[in-house]
Amino acid sequence: MKFLAALLRLVAAIVSGLGIAALFPPYSMGKLVWIVLIPLLIALWSLGEKWKRWKSFGLGYIAGACFFLPNLAWLRSVSDVGWVALSLYLAVFPALWALFVATLGNPWQRKQDQGLFHAPFYAFACAGVWALLEIARGWIFTGFGWNVLGVAFHETPVFAQSADLLGATGLSMLPIFAQSVLVQVCVRRSVQYHSAVLRRQIALGSVVVVMAAAFVYGSWRIKGLTQGEFVKLRALLVQLNIPQEAAQQLWSATDIHLGYEEETLAALKGLQVKKPDWIVWPETALTGRVLRMDDGTWAMGMENVQTIDTIRAEGPYTLIMGLNELEGEKGEGDVLMMKRDARIWNTMTVMPPDGSLTTFRKHHLVIFGEYIPLVESLPFLAKIYEQQAGGAYGGGVSAGGSD
């Protein structure tokens, strides 16, 4: 029986982990967000006292690995080692949540009556700790906040509106709160919810009130979008599907620039009457870099200028694109050049029709993608990167400041 119980808990952790992965693209089964954690909650709350902390951490870690490994599979195009390492690191956060849920957040650990609001109290605690750990995941080592649970509402606009109050991490609390209450009420483990009708009604009522509040607020927000003053903008988004092997793009710089020119011009021609206000290209779209001087002046690689001028000839569009920006300085004859040991930033670059240029430097860098933690102290990490990426490690990207 003990072996069977342990096996069922292991299956529950795997099912919950894979279920969370299924919430996001390419699967986009967002409606499962209301049930995916039920198996794991039952498994954690039914653990015996012996080795409870280690078992709960292990179950949470397995669930986390089953979530992140398929969810981050796109990183395999850069590095298999980086994909596995990042996934196994991120699995620590669901493991810490599971440890809390099985111990301090366990409503079944005591059998005595603990009040009318016992169920919603523990449900809120479990939901709050999940959100706090998502915040920590998006902050530690500059953060990797990829696909927090609240993002699963991307296909449910009414509930998604509440994200403007507490962010996507705050929205993550809603399904965890609901599932935590339902497991306490519906699973015959804690007698007080079945023997005391009032406690059960309060527990279920708390879920109804929270969900109704989120629904009403979302409906009000959506209705308000069509009222008041607003400016309509038309945006044309263009992104090439550039083949990549490890960290090496398989297209030449010329192919990339011509590709963006051709695709953008073809789209503009197809629009005919309704021309866009913005043309948006993705992160690090063009290969040329921006040089930024200490006095704020700038220069750009000629390959970028040629592509941008080609698009500019079609109309007064604002161009928004991702470019790499480097520290520059004036050399002999006022020639602009890159500084020695220049910092490099991954930026969003905005170029309005007047020819000016504004950049916003990315703050939260992608671990193993844009920088390698502790690489200065552990240089062998750079060697591993070079082996996986098939190219030399040229240093990491700098994080943007708050100015």
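- The OH atom of Y61 lies 9.5 Å from the CG atom of L90; values are rounded to the nearest 0.5 Å.
- In this structure, H118 contributes its side chain and P107 its backbone to a donor-acceptor pair below 3.5 Å.
- Here the side chain of E263 pairs no donor or acceptor atom with the backbone of G259 at under 3.5 angstrom.
- K339 NZ: more than 12 foreign heavy atoms inside a 6.0 Å radius.
- The local environment of CH2 in W34 is crowded, with over 12 non-hydrogen atoms from other residues, nucleotides or ligands closer than 6.0 Å.
- Between R292 and E327 no salt bridge is recorded (no basic side-chain N to carboxylate O distance below 4.0 Å).
- W298 and T359 share no donor-acceptor pair across their side chains, judged by distance under 3.5 Å alone.
- Between A63 and L40 the shortest heavy-atom distance is CB-CD2, 4.1 Å.
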With side chain to side chain contact (heavy atoms under 4.5 Å, CB included) as the criterion, how do K52 and N106 come out once you've worked through the C-alpha distance, each side chain's angles and the decisive distance to 0.1 Å?
CA-CA 11 Å; K52 176 188 286 188; N106 189 345; 3.9 Å; yes

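- A 6.0 Å sphere centred on CE of M29 holds no more than 12 heavy atoms belonging to other residues, nucleotides or ligands.
- At least one side-chain heavy atom of P175 sits under 4.5 Å from a side-chain heavy atom of F153.
- I308 contributes atom CD1, which lies 10.0 Å from atom CD of E303 (distance to the nearest 0.5 angstrom).
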Residue pair L99, L44: steps toward the side chain to side chain contact (heavy atoms under 4.5 Å, CB included) verdict
CA-CA 8 Å; L99 176 61; L44 294 172; over 6 Å; no

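- Remark: the D164 side chain and the Y217 side chain contain an N/O donor-acceptor pair separated by less than 3.5 Å.
- Formation of a donor-acceptor pair under 3.5 Å by the S172 side chain with backbone atoms of A168 is found in this model.
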Walk me through whether V210 and F177 qualify under side chain to side chain contact (heavy atoms under 4.5 Å, CB included).
CA-CA 9 Å; V210 170; F177 177 83; 3.9 Å; yes

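- Ring orientation note: the planes of W74 and W146 are tilted relative to one another, at an angle of 30° to 60°.
- Side-chain atoms of F24 and V151, non-hydrogen and from C-beta on, do get closer than 4.5 Å to each other.
- Formation of a donor-acceptor pair under 3.5 Å by the N304 side chain with backbone atoms of G288 is found in this model.
- Put simply, the side chain of I279 reaches to within 4.5 Å of the side chain of L268, judged on heavy atoms.
- Proximity of V208 to L204: side-chain heavy atoms (C-beta onward) are nowhere separated by under 4.5 Å.
- Side chain of R137 to main chain of F144: a donor-acceptor pair is present (N/O by atom type, distance under 3.5 Å, no hydrogens or angles).
- Annotation: side chain of L23 is in contact with side chain of I20 (closest heavy-atom distance under 4.5 Å).
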Between E283 and K362, does a salt bridge (Lys or Arg N to Asp or Glu O under 4.0 Å) hold up when you go through it step by step?
CA-CA 11 Å; E283 183 180 22; K362 187 175 181 180; 3.7 Å; yes

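- Scanning both residues, L69 and W83, for their nearest heavy atoms gives O-NE1, 2.8 Å.
- Looking at K275 and E314, no side-chain N of the basic residue comes within less than 4.0 Å of a carboxylate O on the acidic one, giving no salt bridge.
- Counting only N and O atoms by type, the side chains of N324 and W345 include no donor and acceptor under 3.5 Å apart.
- Ring planes of Y89 and F93: perpendicular class, angle over 60° (limits at 30 and 60°).
- Looking only at distances, no side-chain donor or acceptor of Y122 sits under 3.5 Å from a matching main-chain atom of V101.
- A side-chain N or O of D255 and one of S252 form a donor-acceptor pair less than 3.5 Å apart.
- In this structure a side-chain-to-backbone donor-acceptor pair under 3.5 Å is present from Q184 to A119.
- Among all heavy-atom pairs drawn from R289 and L326, the shortest one is CD-CD1, 3.0 Å.
- No donor-acceptor pair closer than 3.5 Å links the side chain of E134 to the backbone N or O of V148.
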M351 vs Y317, test: side chain to side chain contact (heavy atoms under 4.5 Å, CB included). Steps then yes/no.
CA-CA 9 Å; M351 299 186 68; Y317 308 118; over 6 Å; no

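- The backbone N or O of A13 sits nowhere less than 3.5 Å from a side-chain atom of S16 that would complete a donor-acceptor pair.
- At a threshold of 4.5 Å between non-hydrogen side-chain atoms, the residues W281 and T264 count as touching.
- In this structure, CD on E261 lies 6.0 Å from CD1 on I311, to the nearest 0.5 angstrom.
- Using a 4.5 Å heavy-atom threshold, the side chains of V280 and V238 count as separate.
- Counting heavy-atom neighbours within 6.0 Å of F124 CZ, excluding the residue itself, gives a total of 12 or less.
- When all heavy atoms of S28 and H154 are compared, the closest pair comes out as OG-NE2, 4.0 Å.
- Interatomic distance, W278 CH2 to I320 CD1, rounded to the nearest 0.5 Å: 4.5 Å.
- Residues S206 and V181 come closest through the heavy atom pair OG-CG2, 4.2 Å.
- The shortest distance between side-chain heavy atoms of T307 and M302 does not fall below 4.5 Å.
- The main-chain N or O of F360 is never found under 3.5 Å from a side-chain atom of E325 such that the two would form a donor-acceptor pair.
- Of all heavy-atom pairs between M211 and F159, the closest is O-CE2, 3.7 Å.
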